[in-house]
Every structure is written in C-alpha cells, then in structure tokens.
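Because only heavy atoms are used, hydrogens play no part in the values below, and waters and symmetry mates are left out as well, while side chains stay in. All values reported here derive from a predicted model rather than from experimental measurement.
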Amino acid sequence: MKFSALDCPGMRSAPCGAWAGREAYPTKTLVLALLAALSLPAQVATQANSGYQTEQQRKAVANGLADPARDEKQKPMELVRAMGVQPGMTVADVGTGVGYMLPFLSRRVGPEGKVIGEDIFDDFLASAKAHAAETKLANVTFVKGTETDPMLPEGAVDIVLVLDVYHHFDYPEKMLAGIYKALKPDGRLVIVEYYKRAEAMPGNRALTHIRLDMPDVIKEIEANRFHLIAEKEHIPNSQYVLILRKN
C-alpha cells in the first residue's frame, strides 16, 4: 500500500474530498491504521488462494479433502508416526480444512492429550466440527485463526502440523511468528508440502500453485527463528515432510 499527498493534497495542505471541513491531518486512529497496513508485507499466495474465495469454491475443495481414497495417498498414520506424536501431547492442525487429520491425531495423543483444529474459514470449521462430532473425538477443540495469526494458545502446543497449507500462507512471516509463540520451548513445527515440480500435482499445477520449492521453504522458515532437524520424502515426487524446532 502506497500513500501519497497526490492522492489527497489536503493531507499535506488544503483539505479535499471527504476531508473538506476537517483537520488538514488525519486522526490518530487513521494514522495507526495506515501504519499497520504499511507494516504488513505484501500477500504472496494470490495464485494458491484464488480457488478459495467463495463458499462454492471451498465446497468443491472440501469434496476432495474428504475423499476416502485420500488415505492411501496421504498415508496419515505414517505421517503421525513421522511427526513424533506421543500420548498426552497437545497438537495443533493449522489449516485443518474439513478436519481430515483430526481422528488420526486424536487417537495418537489419547484421552490425556489435546488436538486443536484451526482454520480461517467458518464453513471449513463447521465441516471439521461435524466430522469430529460424528467420530466422537472428545479431545478436539477448534480455533478460528486469521491470515496473519493462527490464534493458538501461547506456549501450549507440542507440535504444530501444517499439512498442504504452507503455500496458502499469504503472510508467512506473520504466521510463523504466531506458530513460534504457540509452541512450547521444545516444540516442533511439521510442514508437509508439495514440491514445486511439474509431476508433483496433476496437470503440472504445482508449477503455478506452489510458491517455493523445498530448499527455499527451509530458508524462509529458518529465517523466522526455526531450525531444521529432519526432512524426508512423504509421497514420491509429490510431497515432502520437514520437521523444525524453535531456535
């Protein structure tokens, strides 16, 4: 966002437009709002998020997320083991969507553990809550996040899972800061992401849908107070897993 006196000369001299008859300078509230907007980095996931703008678009996405055939490809139990999830832990599923991973995480942490399903869309959260109720997941709670903050409880989470979601972060630095704040001192961040390769997604879609390939994802996250402790291929030529700790 760029603001100039040319947009409204009255900001610097005589009033104009809606400012006619008011002070030549904006109120404190407006100044703070402008500063906040200027401090926010540019959105980076425009291409990835273009298909999530309407409820109808998200409903089409949800059908794929809830596909029973997904288990064979996604290997959820293998993923849970790779994450190091243990009974009694608190695990957050950031960008839970329709709650696909919640039953697997819930069973792994057991009755003494907790699972937090987070998303920014009310319709996705409603579907995830219905899924949790149908499968009787008593240890699952839900949080509505924002584009810049997952709104997780501070210092309370052992593992944050970001499954097929990192490329949807419009403000990755802000989201990583929120995740960092939510993790316990020895907490881990688990990223499951697509390679930026023609074969990673059907129809060469990964080349435009995915913002960064794995080396640059690692660099970006490590630049935000995490360090990589493990990496592995999850789905051959399609997805990888990164496990990172707080610095």
- Item | Crowding at NZ, Lys184 (>12 non-hydrogen neighbours, <6.0 Å) | yes

- Query: When rounded to the nearest 0.5 angstrom, what is the spacing between CZ in Arg225 and NZ in Lys181?
  - Reply: 10.5 Å

- Query: Between Glu173 and Ala177, is there a donor-acceptor pair closer than 3.5 Å when you use the side chain of the first and the backbone of the second?
  - Reply: no

- Is there a path of hydrophobic side-chain contacts, each under 4.5 Å between heavy atoms of I, L, V, M, F, W or Y residues, that connects Val217 with Phe169? yes

- Checking Asp213 side chain against Pro215 main chain: does a donor-acceptor pair fall under 3.5 Å? no

- Query: With the 4.5 Å side-chain cut-off for hydrophobic clustering, are Val192 and Ile218 part of the same group?
  - Reply: no

- Item | Nearest-0.5 Å distance that lies between atom CG in Asn237 and atom OH in Tyr194 | 13.5 Å

- Query: Got Pro153 and Ile116 here, is their nearest side-chain heavy-atom distance under 4.5 Å?
  - Reply: yes

- Task: Could you tell me whether the side chain of Lys246 and the main chain of Leu183 form a donor-acceptor pair under 3.5 Å?
- Result: yes

- Task: May I ask you to decide if Val157's main-chain N or O and Thr90's side chain share a donor-acceptor pair within less than 3.5 Å?
- Result: no

- May I ask whether Leu152 and Met89 are part of the same hydrophobic cluster, defined by side-chain heavy atoms of I, L, V, M, F, W, Y residues being less than 4.5 angstrom apart, directly or through others? no

- Message: Looking at every heavy atom in both Tyr171 and Glu147, which two are closest together, and how far apart are they?
- Response: CD1-O, 3.7 Å

- Item | Within 6.0 Å of NZ in Lys114, more than 12 heavy atoms from elsewhere | no

- Heavy atoms of Ile243 and Ala82 approach each other most closely as CD1-O, 3.2 Å

- Query: Do other residues, nucleotides or ligands put more than 12 heavy atoms under 6.0 Å from Lys232 NZ?
  - Reply: yes

- Interatomic distance, Leu102 atom CG to Asp93 atom CG [nearest 0.5 angstrom]: 5.5 Å

- Item | Check: Leu207 main-chain N/O paired with Lys196 side-chain donor or acceptor under 3.5 Å | yes

- Item | Approximate separation, where rounding is to 0.5 Å, of Asn224 CG and Leu176 CG | 5.0 Å

- Val160 and Leu242: same hydrophobic cluster, using ILVMFWY side-chain contacts below 4.5 Å? yes

- Task: Verify side-chain contact (heavy atoms from CB on, under 4.5 Å) between Leu212 and Glu193, making sure each step is shown before the conclusion.
- Result: CA-CA 10 Å; Leu212 301 172; Glu193 189 55 276; over 6 Å; no

- Note on the structure: Taken to the nearest 0.5 Å, the spacing of Leu137 CG from Leu105 CG works out to 10.0 Å

- Message: If we check side chain to side chain contact (heavy atoms under 4.5 Å, CB included) with Val109, which of these qualifies: Asn139, Val80, Ile159, Asp158?
- Response: Asn139

- Query: Does Met83 offer a backbone N or O that forms a donor-acceptor pair with the side chain of Arg188 under 3.5 Å?
  - Reply: yes

- Using a strict 4.0 Å threshold on nitrogen-to-oxygen distance, state whether Lys144 and Asp122 make a salt bridge. yes

- Verify, without hydrogens or angle tests, whether Thr208 (side chain) and Arg205 (backbone) share a donor-acceptor contact under 3.5 angstrom. yes

- Query: Taking C-beta and beyond as the side chain, do Leu244 and Ile229 meet within less than 4.5 Å on heavy atoms?
  - Reply: no

- Message: Count I, L, V, M, F, W, Y as connected when their side-chain heavy atoms are under 4.5 Å apart, and connections chain through other members. Are Leu125 and Val165 then in the same cluster?
- Response: no

- Tell me, which pairs form a ring-ring contact (aromatic ring centres under 6.0 Å, His included) where one or both residues lie in residues 197-243, sequence neighbours left out? His167-His209, His168-His209, Tyr180-Phe226, Tyr195-Tyr240

- Item | Non-hydrogen side-chain atoms of Val190 and Val241 separated by less than 4.5 Å | yes

- Query: Is it true that a side-chain atom of Arg108 and a backbone atom of Val85 form a donor plus acceptor pair closer than 3.5 Å?
  - Reply: yes

- Note on the structure: Heavy atoms of Pro172 and Val44 approach each other most closely as CD-CG2, 3.6 Å

- Note on the structure: CG (Asp216) and CZ (Arg211) are apart, to the nearest 0.5 Å, by 9.0 Å

- Message: Measuring only between side-chain heavy atoms, which start at C-beta, is Phe142 closer than 4.5 Å to Glu118?
- Response: no

- Is any side-chain heavy atom of Leu189 less than 4.5 Å from a side-chain heavy atom of Arg245? no

- Message: Could you tell me if the side chain of Glu220 sits less than 4.5 Å from the side chain of Tyr166, heavy atoms only?
- Response: yes

- Query: Are the side chains of Glu222 and Leu228 in touch, meaning some heavy atoms are under 4.5 Å apart?
  - Reply: yes

- Judged by modelled atom types alone, do Gln239 and Asp164 share a side-chain donor-acceptor pair under 3.5 Å? yes

- Note on the structure: With Met175 as partner, the option from Thr146, Val94, Val162 fulfilling side chain to side chain contact (heavy atoms under 4.5 Å, CB included) is Val94

- Is Lys129 salt-bridged to Glu134, cutoff N-O under 4.0 Å? no

- Message: Please determine whether the number of non-hydrogen atoms from other residues, nucleotides or ligands lying under 6.0 Å from atom CE of Met151 exceeds 12.
- Response: no

- Task: Report yes if some heavy atom in the side chain of Ser238 is under 4.5 Å from a heavy atom in the side chain of Arg197; otherwise report no.
- Result: no

- Do the side chain of Asp149 and the main chain of Gly178 share a donor and acceptor less than 3.5 angstrom apart? no

